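Structure first, commentary second.
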Amino acid sequence: MSAEFLAPRLRRVRPSPTAAISDQVRAFIASGSDVINLGEGELDFDTPAHIKQAGIDAIVQGDTKYTAVAGTAALKQAIIAKFTRENGISYRPDQVIAGSGAKQLIFNALLATVSAGDQVIIPAPYWVSYPDMVALAEGEPKIVPCLESHGWKLQPEDLAAAITAQTRWVILNSPNNPTGAVYCAKELKSLAAVLLEHPQVLVMADDIYEQICFTSAEFATLAQVEPRLKDRILTVNGVSKGYSMTGWRLGYAGGPAWLISAMQILQSQSTSNPSSVSQAATVAALEQGNGFIREWLEILTRRRDIVMACVNAIDGFSAEVPPGAFYVFANCQSLLGKTTPSGEILDTDEDFAAYLLQSAHVATLQGSAFGAPGYLRIAYAIDDNRLQEACARITRACAELR
């Protein structure tokens, strides 16, 4: 169809880079190539058996009809109990909502609150979808670079300098995708001190990687650290990462009732309720605990060490050990400008990622997709043997650069 039929808002948005790399990988595999995908944010662990069984039971029992738009009463109670038990945040049923993934809830919150001219502060490196969601809502993403020397974390003085009269939201993602950075309670308290001075600013706490945290310090979220900000914070979470339930498409959020109500209205006129089967499975996930996570973290720590050893052994590659999530965000700037065996010059991190895919058949994602050119995100949540093979391929490909 001709582009003239498309709405102007679509010109503000780019396709998801993570979806694009997945499409490329599928195309390579379809052509017979053995591609190892280190570009996708998905655990290779199976959904725990008791959670799968809860979904199966829901199907067998006929729990396959429409539910309340914002989620069943049972799921809402499980979400409320989770926030109380694990985060020390109290919500009423009208202050929580379930959706078809955390991504949908973030988008609905922005769509419900952002108008033309409104700014949304996004610390970089950022999850690839934040700026485009803001753009779709006709807002202006205001990117605030965070330094590797600061652990990739937003500094209070930088936050204060970025806030204007047009600022509508600040987005905080901890543990962070793509860097794995984790804000401690003290760091969040310092950011909260700035936010308390600006009552017009809402805060999005994207906690989707909460369970994948390797640091000795306990995970903290902003509404827990500074209760005075609670009525301005939307705390977003879900079961995709910590319970390996990406395909179940179930996210949840807690926040002020007026915002949850607006999100529910949007949801009622778009996707309606999330899958009834996924809701039943999520009740089991939240109520029956995650005793399996310790074993998962031990496996992920081993895999993180495999990637870190690879990065440290390659001249021109470097990275700090990430304290959360399941990515290594590697600095590849010293490898840029080098020439491939076929005579092509790697001018950008995108060129470097393309070279690894074409030459080594290893898919990664360029840092520029996350607002941090000169880096490479390496997802390590795959089988150990395949990960070691991927690292060997990357090492050989880098050794061939001149």
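Quantities reported herein were computed from a predicted structural model and do not represent experimental measurements. All values below were derived from every heavy atom in this structure, side-chain atoms included, with hydrogens, water molecules and symmetry-related copies excluded. For reference, positions follow the sequence shown, starting with 1.
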Between [X] (side chain only) and [Y] (backbone N and O only), is there a donor and an acceptor less than 3.5 Å apart?
{"X": "Thr340", "Y": "Glu344", "answer": "yes"}
{"X": "Ser174", "Y": "Tyr183", "answer": "yes"}
{"X": "Thr235", "Y": "Ala205", "answer": "no"}
{"X": "Gln104", "Y": "Ser100", "answer": "yes"}
{"X": "Ser33", "Y": "Ile29", "answer": "no"}
{"X": "Asn108", "Y": "Leu105", "answer": "no"}
{"X": "Asn176", "Y": "Thr179", "answer": "yes"}
{"X": "Asp315", "Y": "Phe317", "answer": "no"}
{"X": "Gln155", "Y": "Glu157", "answer": "no"}
{"X": "Ser368", "Y": "Gly371", "answer": "no"}

Proximity of [X] and [Y] rings by center, below 6.0 Å:
{"X": "Phe292", "Y": "Phe45", "answer": "no"}
{"X": "Phe370", "Y": "Trp127", "answer": "no"}
{"X": "Tyr209", "Y": "Phe219", "answer": "no"}
{"X": "Trp152", "Y": "Tyr375", "answer": "yes"}

Check [X] against [Y] and note the closest heavy-atom contact, atom names and distance.
{"X": "Pro123", "Y": "Leu172", "value": "CG-CD2, 4.5 Å"}
{"X": "Glu197", "Y": "Ala193", "value": "CG-O, 3.7 Å"}
{"X": "Leu376", "Y": "Ala353", "value": "CD1-CB, 3.9 Å"}
{"X": "Leu286", "Y": "Arg85", "value": "O-NH2, 3.0 Å"}
{"X": "Pro93", "Y": "Gln77", "value": "CG-NE2, 3.9 Å"}
{"X": "Ile143", "Y": "Ala124", "value": "CG2-CB, 3.5 Å"}

### Message
Before you tell me yes or no, could you show the steps for Asp383 and Arg303 under salt bridge (Lys or Arg N to Asp or Glu O under 4.0 Å), namely the whole-Å CA-CA distance, both residues' side-chain angles and the distance that decides it to 0.1 Å?
### Response
CA-CA 9 Å; Asp383 174 78; Arg303 293 172 177 176; 5.3 Å; no
Is [Y] close to [X] at the side-chain level, that is, under 4.5 Å between some pair of heavy atoms?
{"X": "Leu43", "Y": "Leu300", "answer": "yes"}
{"X": "Phe83", "Y": "Ser90", "answer": "no"}
{"X": "Val362", "Y": "Thr364", "answer": "yes"}
{"X": "Leu346", "Y": "Leu335", "answer": "no"}
{"X": "Leu191", "Y": "Val225", "answer": "no"}

### Query
So Ser278 and Met245, side chain to side chain contact (heavy atoms under 4.5 Å, CB included) or not? Walk me through it.
CA-CA 9 Å; Ser278 297; Met245 294 174 66; over 6 Å; no
### Task
Using the side chain to side chain contact (heavy atoms under 4.5 Å, CB included) rule, take Leu387 and Asn385 through it: C-alpha gap first, then chi angles, then the decisive distance, then the call.
CA-CA 5 Å; Leu387 184 61; Asn385 292 331; over 6 Å; no
In Å, rounded to the nearest 0.5 Å, how long is the span from [atom1] of [X] to [atom2] of [Y]?
{"X": "Asp44", "Y": "Ser244", "atom1": "CG", "atom2": "OG", "answer": "7.5 Å"}
{"X": "Phe28", "Y": "Ser31", "atom1": "CZ", "atom2": "OG", "answer": "6.5 Å"}
{"X": "Leu229", "Y": "Leu188", "atom1": "CG", "atom2": "CG", "answer": "10.5 Å"}
{"X": "Arg386", "Y": "Ile36", "atom1": "CZ", "atom2": "CD1", "answer": "4.0 Å"}
{"X": "Met308", "Y": "Ser318", "atom1": "CE", "atom2": "OG", "answer": "8.5 Å"}
{"X": "Thr301", "Y": "Ile306", "atom1": "OG1", "atom2": "CD1", "answer": "11.0 Å"}

Does NZ or CZ of [X] lie under 6.0 Å from the centre of the six-membered ring of [Y], at an angle within 45° of the ring axis?
{"X": "Lys76", "Y": "Tyr91", "result": "no"}
{"X": "Arg377", "Y": "Tyr327", "result": "yes"}
{"X": "Arg304", "Y": "Phe326", "result": "no"}

### Message
Run Leu111 and Leu136 through side chain to side chain contact (heavy atoms under 4.5 Å, CB included) and show every step you take.
### Response
CA-CA 8 Å; Leu111 195 63; Leu136 268 174; 6.0 Å; no
Hydrogens and angles aside, do [X] and [Y] bring a side-chain donor and acceptor to less than 3.5 Å of each other?
{"X": "Tyr130", "Y": "Asp206", "value": "yes"}
{"X": "Thr246", "Y": "Glu42", "value": "yes"}
{"X": "Gln119", "Y": "Thr164", "value": "yes"}
{"X": "Gln53", "Y": "Asp57", "value": "yes"}
{"X": "Thr282", "Y": "Trp248", "value": "no"}

### Query
Given Arg26 and Asp23, is the salt bridge (Lys or Arg N to Asp or Glu O under 4.0 Å) satisfied, shown in steps?
CA-CA 5 Å; Arg26 292 186 188 99; Asp23 289 343; 3.1 Å; yes
Which donor-acceptor pairs under 3.5 Å do the side chains of residues 58-67 make with protein atoms, sequence neighbours left out?
unit_1 : atom_1 : unit_2 : atom_2 : d
Thr67  : OG1    : Gln279 : NE2    : 2.9

### Query
Charged N to carboxylate O below 4.0 Å: is that the case for Lys52 and Asp46?
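Yes, charged N to carboxylate O under 4.0 Å.
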### Asp34 and Arg393 ion-paired at < 4.0 Å
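Looking at Asp34 and Arg393, the cut-off is met.
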### Message
Using a 6.0 Å cut-off, check whether atom CZ of Arg302 has over 12 heavy atoms from anything other than its own residue.
### Response
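Enclosed: over 12 neighbouring heavy atoms sit under 6.0 Å from CZ of Arg302.
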### Task
For Glu400, look at atom CD and say whether over 12 heavy atoms of other residues, nucleotides or ligands are found less than 6.0 Å away.
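Result for CD/Glu400: enclosed.
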### Message
Asp207 vs Thr221, test: side chain to side chain donor-acceptor pair (under 3.5 Å). Steps then yes/no.
### Response
CA-CA 7 Å; Asp207 296 349; Thr221 191; 2.6 Å; yes
#### Entry: Working for side chain to side chain contact (heavy atoms under 4.5 Å, CB included), residues Leu336 and Thr348
CA-CA 6 Å; Leu336 303 184; Thr348 66; 5.5 Å; no
### Verdict with supporting geometry, Glu210 and Lys82, salt bridge (Lys or Arg N to Asp or Glu O under 4.0 Å)
CA-CA 12 Å; Glu210 174 184 358; Lys82 184 274 176 199; 2.8 Å; yes
### Task
Return the set of residues passing side-chain hydrogen bond (donor to acceptor under 3.5 Å, both in side chains) with Ser240 (not counting sequence neighbours), or none when no residue passes.
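Result, side-chain hydrogen bond (donor to acceptor under 3.5 Å, both in side chains) vs Ser240: none returned.
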### Query
Pick one: which of Arg12, Arg11, Arg14 meets salt bridge (Lys or Arg N to Asp or Glu O under 4.0 Å) with Asp132?
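That would be Arg14; it is the only one of Arg12, Arg11, Arg14 passing the salt bridge (Lys or Arg N to Asp or Glu O under 4.0 Å) with Asp132.
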